[in-house]
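These notes are about the structure you will find just below.
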Amino acid sequence: MPVSNQRSALALRLGLPGLGLLLLAGLWGALAAFLHFDSQRSEEELRQRVLGAASGYHAFVKSNLGQLDLLLRALAQQVQQHGRPELDWFGQPGARPAGLKHVYVTDAQGKIVASDIPNLSEAASTAVDRPYFQQHRMGQVRGLFVGPPTQSRVSGEWRLHLSRAWTGPDGGFGGVVVASIDPAYLTSAYSRSQLGQSGLLGVVGLDWLVRARRSGDQLLFGESIRNGQLYREVQRAPEGRFEARSPLDQLERQVAYRLLPEFEVVSYAALGKDEFLAPLHARQRRLLGIGAVASLALLAAFWALSGVSRRLERSRLAAARARTLFQTSADAQLDALLIFEPQRDAQGRLVNLRCVHANRAACEWLAPGQASPEGRSLLEALPRELAAPLFTQCCAVIETGQPLVADLDLSPLLGRRLIASQHIVAVGEGAALSLRDITKLREKESEALYNARVAQRSERLLAALTDAVPVMLVHLNRELRVTFANDACARWLGPAWAMAEGKTLHELLPPEIYAARLPHLQRALRGEMVEFVSERQTELGDRIFKNSYVPDLDPFGRCEGVYTVSADVTELKQTEERLAELAFTDTLTGLRNRRFVADRLPQMLSRARRTGLGVGVIYLDIDRFKRVNDEQGHAVGDAVLQEFARRLRAATRLHDVAARFAGDEFVVLLEDLRQPEDMVAVAQKFLAALRPNFELAEGVRLHVSASLGLAFSASADTPPEALLREADAALYEAKGRGRDTYVLGAGGAKVIPLARG
Ligand SMILES: Nc1nc2c(ncn2[C@@H]2O[C@H](COP(=O)(O)OP(=O)(O)OP(=O)(O)O)[C@@H](O)[C@H]2O)c(=O)[nH]1
């Protein structure tokens with residue numbers, strides 16, 4: 001990040017909270033100053049108001065006491081001059097001072113000698129016990145004495161006695177003149193509008209008994225305040241101002257007082273501090289509230305502003321990171337990327353495109369060996385043959401907003417093969433061009449196309465082959481569902497197999513055939529190669545098939561299905577059978593041959609064990625056959641052999657075997673013989689069959705005889721060779737006996753029981 005950006009970010013990060021704190025400090029500083037000033041001003045106003053009130057009250061008290069004093073002076077003078085006072089004028093309107101209740105005069109003994117009190121009782125007509133009388137009689141008071149308030153014995157009302165001594169005719173103490181006033185009158189100057197509810201007006205004597213005191217509606221008389229602050233203040237100065245909490249009502253007041261030395265009283269006025277300063281306090285609370293709300297609002301505003309600034313900063317950082325990331329990743333990617341912004345003329349026509357970004361691949365592909373296109377116009381930065389069509393395409397994309405995808409052959413420009421896939425998309429007001437190297441992709445595509453064609457050809461070939469071969473080819477998946485069946489299946493197994501794909505073998509095969517095939521299929525699905533031969537009826541008749549079940553293994557050796565290959569081996573089997581037949585047949589005579597005897601004789605002996613019947617072997621040899629050959633020729637010899645064979649076969653039962661053993665030797669195998677003698681009848685039958693002359697071709701007429709050796713056995717334990725040897729030995733003996741006869745072999749006859757049951 002550039003250094004200037006870092007500085008401005010730091011300034012923004014620290015500046016906003018700093019500014020907020022500064023504003024807060026300023027706000028609270030101004031508020032504190034104002035509150036302080038306001039408080040000072042209010043307290044000063046309180047002081048001035050108290051002083052004003054005290055001053056006014058002082059004048060009120062002084063004036064009223066002065067008037068009463070004048071009255072008492074006049075009264076005392078009148079008494080002194082005339083012996084008794086004239087009190088009638090007190091009753092005249094305007095003559096009686098306000099607040100004055102009564103006046104009376106006492107003699108030197110305290111007896112009330114004149115009074116405006118009507119019907120004064122005897123008990124009440126003396127003032128000898130009154131403090132003011134005693135004070136005057138003792139000569140302790142020279143002027144007006146403002147006595148402490150007393151409560152009337154008669155009415156119970158409070159009275160304040162203002163008294164003055166009068167001088168008797170002898171120049172001594174003559175008595176006192178007294179004016180009783182309502183002490184409340186002294187506080188009648190109390191103005192609620194000026195003093196409020198907790199203000200105070202009061203007069204206290206220097207005996208520190210309250211003459212009268214009013215606060216709000218509360219009046220108080222005669223209370224001692226010697227322990228109060230006023231007492232201490234008056235000791236210090238005759239007038240002054242102080243602040244104190246009243247012990248009487250516990251209210252804090254600003255008090256101003258002034259001594260009236262001529263009446264020995266102190267007048268004082270006070271204002272309740274809380275009440276007077278209540279508007280100030282309310283204002284202060286209001287202002288503090290406003291200050292708190294303003295602070296909160298300020299804090300909230302700055303918090304929001306810092307939040308916005310932090311978000312802005314984060315966004316700016318994220319944008320810078322994204323820009324760097326974009327630049328790095330764009331340079332790292334293999335695709336070429338260019339971003340253009342449009343440049344328009346005054347009429348809004350798109351006249352040029354300016355490249356605002358080109359990554360490394362773009363520089364290498366589109367402007368090889370030249371300066372980066374960044375910051376330059378498309379038409380200048382890129383080779384003309386490339387720039388002109390690109391300009392047209394980009395303009396079209398910008399104007400229509402439709403992306404454009406096309407292939408771009410950069411081979412001529414680069415001198416090497418490079419096919420690029422070109423994508424142009426509208427980005428903002430401009431366009432982004434990206435190019436991807438798809439040379440290999442295109443090569444692979446054409447290779448794939450070629451391979452697909454080859455594969456199609458191979459597939460067609462395979463289909464032609466599989467359909468042409470006389471083999472049924474089927475592929476089954478693991479669920480034994482047909483995925484492929486060649487045409488041969490439909491030809492042999494019926495039209496259902498033409499659409500066998502997707503069907504299960506269970507659906508396609510008759511139940512008994514399916515049951516027979518299933519074990520083989522299961523073995524093949526386990527990975528085993530299975531081969532077997534089966535016969536079945538097909539559309540082309542009964543056929544024999546050689547079946548091979550080949551497991552379809554994937555590269556990991558897992559069996560995914562089974563290929564079944566069923567080849568029609570009917571002809572092959574028939575050929576095999578024919579060949580087998582030929583192998584067991586003597587070609588000259590058509591009888592069985594020596595190999596057949598060797599194959600069948602052991603089987604007969606095995607059967608003999610189960611049936612309990614015997615097996616017989618008759619060995620026959622044509623007598624003096626050599627002479628026939630020699631005299632008649634070999635062809636006649638063959639004809640003799642053929643005729644001999646014919647007569648032998650005719651005389652042999654169907655299940656017995658007549659075979660030419662070799663040359664002129666024949667063997668007949670007999671089964672189910674009860675005893676050796678049963679063979680004798682057969683031998684005689686043979687000899688009888690030979691007896692008629694042999695009528696041969698070309699008029700040749702011959703008498704042919706044969707010698708027979710007979711052997712018998714009813715035991716499977718008898719080796720076939722031994723039985724043949726025994727028959728051969730018997731034949732040899734028959735030859736020795738002159739030929740044309742038979743001999744029953746002795747060995748077999750002796751050891752084998754001839755008959756059973
Ligand atoms: N024509 C013809 N002659 C054969 C064939 N096989 C063997 N021979 C002849 O059959 C004759 C058999 O003679 P032997 O059995 O040895 O003697 P034999 O003349 O029959 O006299 P005995 O058997 O002692 O009565 C030989 O001359 C053989 O050449 C054949 O296939 N065709």
Kindly state whether the ring of [X] and the ring of [Y] have centres lying under 6.0 angstrom apart.
X	Y	result
Tyr549	Phe532	yes
Phe686	Tyr742	no
Phe666	Phe644	yes
Phe326	His357	yes

Would you confirm whether [X], through its side chain, and [Y], through its main-chain N or O, come within 3.5 Å as a donor-acceptor pair?
X	Y	result
Asp437	Leu334	no
Asp586	Leu591	no
Asp672	Leu613	no
Asp331	Thr328	no
Arg739	Ala706	no

I'd like to check [X] versus [Y] (side-chain heavy atoms, cut-off strictly below 4.5 Å). Are they in contact?
X	Y	result
Leu687	Asp740	yes
Leu418	Asp409	no
Met679	Leu670	yes
Val562	Leu525	yes
Leu433	Phe340	yes
Ser705	Leu690	no
Asp542	Arg536	no
Val668	Val657	no

* Apply the test salt bridge (Lys or Arg N to Asp or Glu O under 4.0 Å) to residues Glu447 and Lys440: give CA-CA distance (whole Å), side-chain angles for both, the deciding distance (0.1 Å), then the verdict. => CA-CA 10 Å; Glu447 193 180 334; Lys440 284 202 171 63; over 6 Å; no
* Checking side chain to side chain contact (heavy atoms under 4.5 Å, CB included) for the pair Arg649/Thr589: CA distance, chi angles, key distance, verdict? -> CA-CA 10 Å; Arg649 185 163 48 236; Thr589 62; 5.9 Å; no
* Asked: Taking atom types as modelled and ignoring hydrogens, do the side chains of Thr483 and His475 form a donor-acceptor contact shorter than 3.5 angstrom?
  ->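 Per modelled atom types, Thr483 and His475 side chains form a pair under 3.5 Å.
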* To do: Decide whether Glu507 and Thr504 meet the rule of one side-chain donor and one side-chain acceptor closer than 3.5 Å.
  =>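 Per modelled atom types, Glu507 and Thr504 side chains form a pair under 3.5 Å.
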* Hey, are Asp630 and Lys626 close enough for a salt bridge, meaning a charged N less than 4.0 Å from a carboxylate O? ->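 Salt bridge present between Asp630 and Lys626.
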* Salt bridge or not for Glu576 and Lys573, using N-O below 4.0 Å? ->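 Result for this pair is yes, salt bridge flagged.
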Would the number of heavy atoms belonging to other residues, nucleotides or ligands and lying under 6.0 Å from [atom1] of [X] be above 12?
X	atom1	value
Arg478	CZ	yes
Glu560	CD	yes
Tyr732	OH	no

Please give me the minimum heavy-atom distance between [X] and [Y], naming the atom from each residue.
X	Y	value
Leu410	Ala420	CD1-CB, 4.2 Å
Arg384	Pro389	O-CD, 4.3 Å
Thr570	Ile544	OG1-N, 2.8 Å
Ile424	Gln422	CD1-NE2, 3.7 Å

* Chi angles and distances behind the side chain to side chain contact (heavy atoms under 4.5 Å, CB included) call for Asp335, Leu435 -> CA-CA 6 Å; Asp335 295 349; Leu435 297 169; over 6 Å; no
* To do: Please test Arg607 against Glu671 for salt bridge (Lys or Arg N to Asp or Glu O under 4.0 Å), starting from the C-alpha separation and ending with a verdict.
  => CA-CA 9 Å; Arg607 271 200 298 275; Glu671 269 192 301; 2.8 Å; yes
* For Phe584 and Asp599, what are the C-alpha separation, side-chain angles and deciding distance, and is it a side chain to side chain contact (heavy atoms under 4.5 Å, CB included)? -> CA-CA 9 Å; Phe584 287 119; Asp599 180 70; 3.8 Å; yes
* Would Asp717 and Arg609 satisfy salt bridge (Lys or Arg N to Asp or Glu O under 4.0 Å), going step by step from the backbone distance to the final call? -> CA-CA 9 Å; Asp717 297 334; Arg609 172 188 281 184; 3.4 Å; yes
* Could you please spell out the steps behind the side chain to side chain contact (heavy atoms under 4.5 Å, CB included) verdict for Val482 and Leu476? => CA-CA 5 Å; Val482 174; Leu476 302 166; 3.6 Å; yes
* **Phe694 six-ring face occupied by Arg647 cation (under 6.0 Å, within 45°)** =>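 Judged by the rule (NZ or CZ under 6.0 Å from the ring centre, within 45° of its axis), Arg647 counts as positioned above Phe694.
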